[in-house]
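All residue numbers refer to positions in the sequence shown, counting from 1.
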Amino acid sequence: MKTKIIQVDPASFEEEVLAEPAELIRNGKLVAFPTETVYGLGANALDPSACDRIFDAKGRPHDNPLIVHVYRPDDCRDFAYCEEYPVFEKIASRFMPGPITVIMRKKSLIPDTVTVGLDTVALRCPVHPVARALIRLSGVPIAAPSANRSGRPSPTSAQHVWEDMNGRIPCIIDGGNCSVGVESTVVALKEDGIHLLRPGAVTPEMLEELGERVILSKAVLSAVTPDQKVESPGMKYRHYAPKAPCTMVEGTDEDVLSFFAKKKKEGCGILCFEEDLASIGKSDFVLTFGKKNDKEGQAYALFDALRRFDRLELPHIYARKTDETSIGLAVTNRLLRACAFDVIRV
Ligand code: AMP
Ligand code: MG
């Protein structure tokens, strides 16, 4: 299959450029599109065979459900029993459209292919103008996981999508780099509070401001064993895995940097903060992901750095430990998964 790329400037575009991809979605085909978090691989969420194509193109396990993207926050009501969740109203008015996904009891309109037979559906209303225009012009909700091959880092540019999906899908909309860089915050609404299943740009601190109890799922910062019951099927998988084994390194700046300098000499990959370069020195194997105190910058750069490492032949990668507050929690969660939860103290 030939993969067409359509360039769109999110800051200023004619909707006409999206007519063809919207038509593809309506006809049961796949379109990769930019969102504020990462690129999505979209299909008509109401068409089971279109959604099946997502699993095929990604090589996604068939027990991992898809997020359904809607045009307006209120459209969630068509697909889930939102009225059963008083806190939904607060979340929707404060954070939607935006980088948050809410899991609620599904209505029958949503096919089992999307939810892999669960009685809940994950709903998100993106804020990215291209994503929103595509959903509106398609006239259907769009089921979309991240547009990477399963097990690869999520794509934050059209180039990343091309690397994974060229020849597998008919169309990629290139809207430049994703501004957030990590996937949406995923929450499940339960009697005892808001369960945070996946951290993202809507942070635990922001959710707490709603005056609700926020319960961090154990799987956010620790590994899930194969026999453990998980709240979200995606937690089971070793996501974001670079080709070389990866270890997160804890310790004082001084100790970590001297450890990195030693590992650099051994030919290992180093993932560090920008200011660390002064001490470690530049090399093709030393990649940075933002400044030490710029957690947004780290989120923005992380997946691109992980993909760069994959183009190199490395025996091992050592990464800086990241802060766990605000969006740093999302960065730490993704990096820990890339490291298969391997952390050492030096
Ligand atoms: P992705 O779209 O690849 O970023 O992943 C979507 C995430 O949402 C995965 O971790 C899924 O397991 C999770 N998810 C989607 N639908 C549900 C659901 N109904 N219940 C629990 N988790 C869900
Ligand atoms: Mg994904």
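Note on Arg105 versus Glu84: salt bridge recorded, some NZ/NE/NH1/NH2 to OD/OE distance being below 4.0 Å. Asp253 and Lys292 are joined by a salt bridge, as a carboxylate oxygen and a charged side-chain nitrogen come within less than 4.0 angstrom of each other. Using a 4.0 Å cut-off between charged side-chain N and carboxylate O, Lys243 and Asp310 make no salt bridge. Salt bridge present: Arg136 and Glu15 bring a charged side-chain N and a carboxylate O closer than 4.0 Å.
Under the ring-ring contact (aromatic ring centres under 6.0 Å, His included) criterion, the residue pairs touching residues 294-337 are Tyr240-Phe303, Phe259-Tyr318, His316-Tyr318, with sequence neighbours excluded.
Between Thr101 and Val187 there is no side-chain heavy-atom pair separated by less than 4.5 Å. With contacts defined as side-chain heavy-atom distances shorter than 4.5 Å, the pair Val286/Cys272 qualifies.
Tested against Ile54 for a side-chain contact (heavy atoms from CB on, under 4.5 Å), the candidates Leu66, Ile169, Thr113 yield a single pass: Leu66.
Applying the 4.5 Å side-chain rule to ILVMFWY residues, one finds that Met1 remains a lone member of its cluster.
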Could you check Glu275 against Lys291 for salt bridge (charged side-chain N to carboxylate O under 4.0 Å, His left out), going step by step and ending with a plain yes or no? CA-CA 6 Å; Glu275 47 271 65; Lys291 290 201 161 63; 5.9 Å; no
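Scored by the ring-ring contact (aromatic ring centres under 6.0 Å, His included) test, Phe273 finds Phe289 as partners (sequence neighbours excluded).
With Tyr81 as the aromatic partner, Lys107 meets the cation-pi criteria of under 6.0 angstrom to the ring centre and within 45 degrees of the ring axis.
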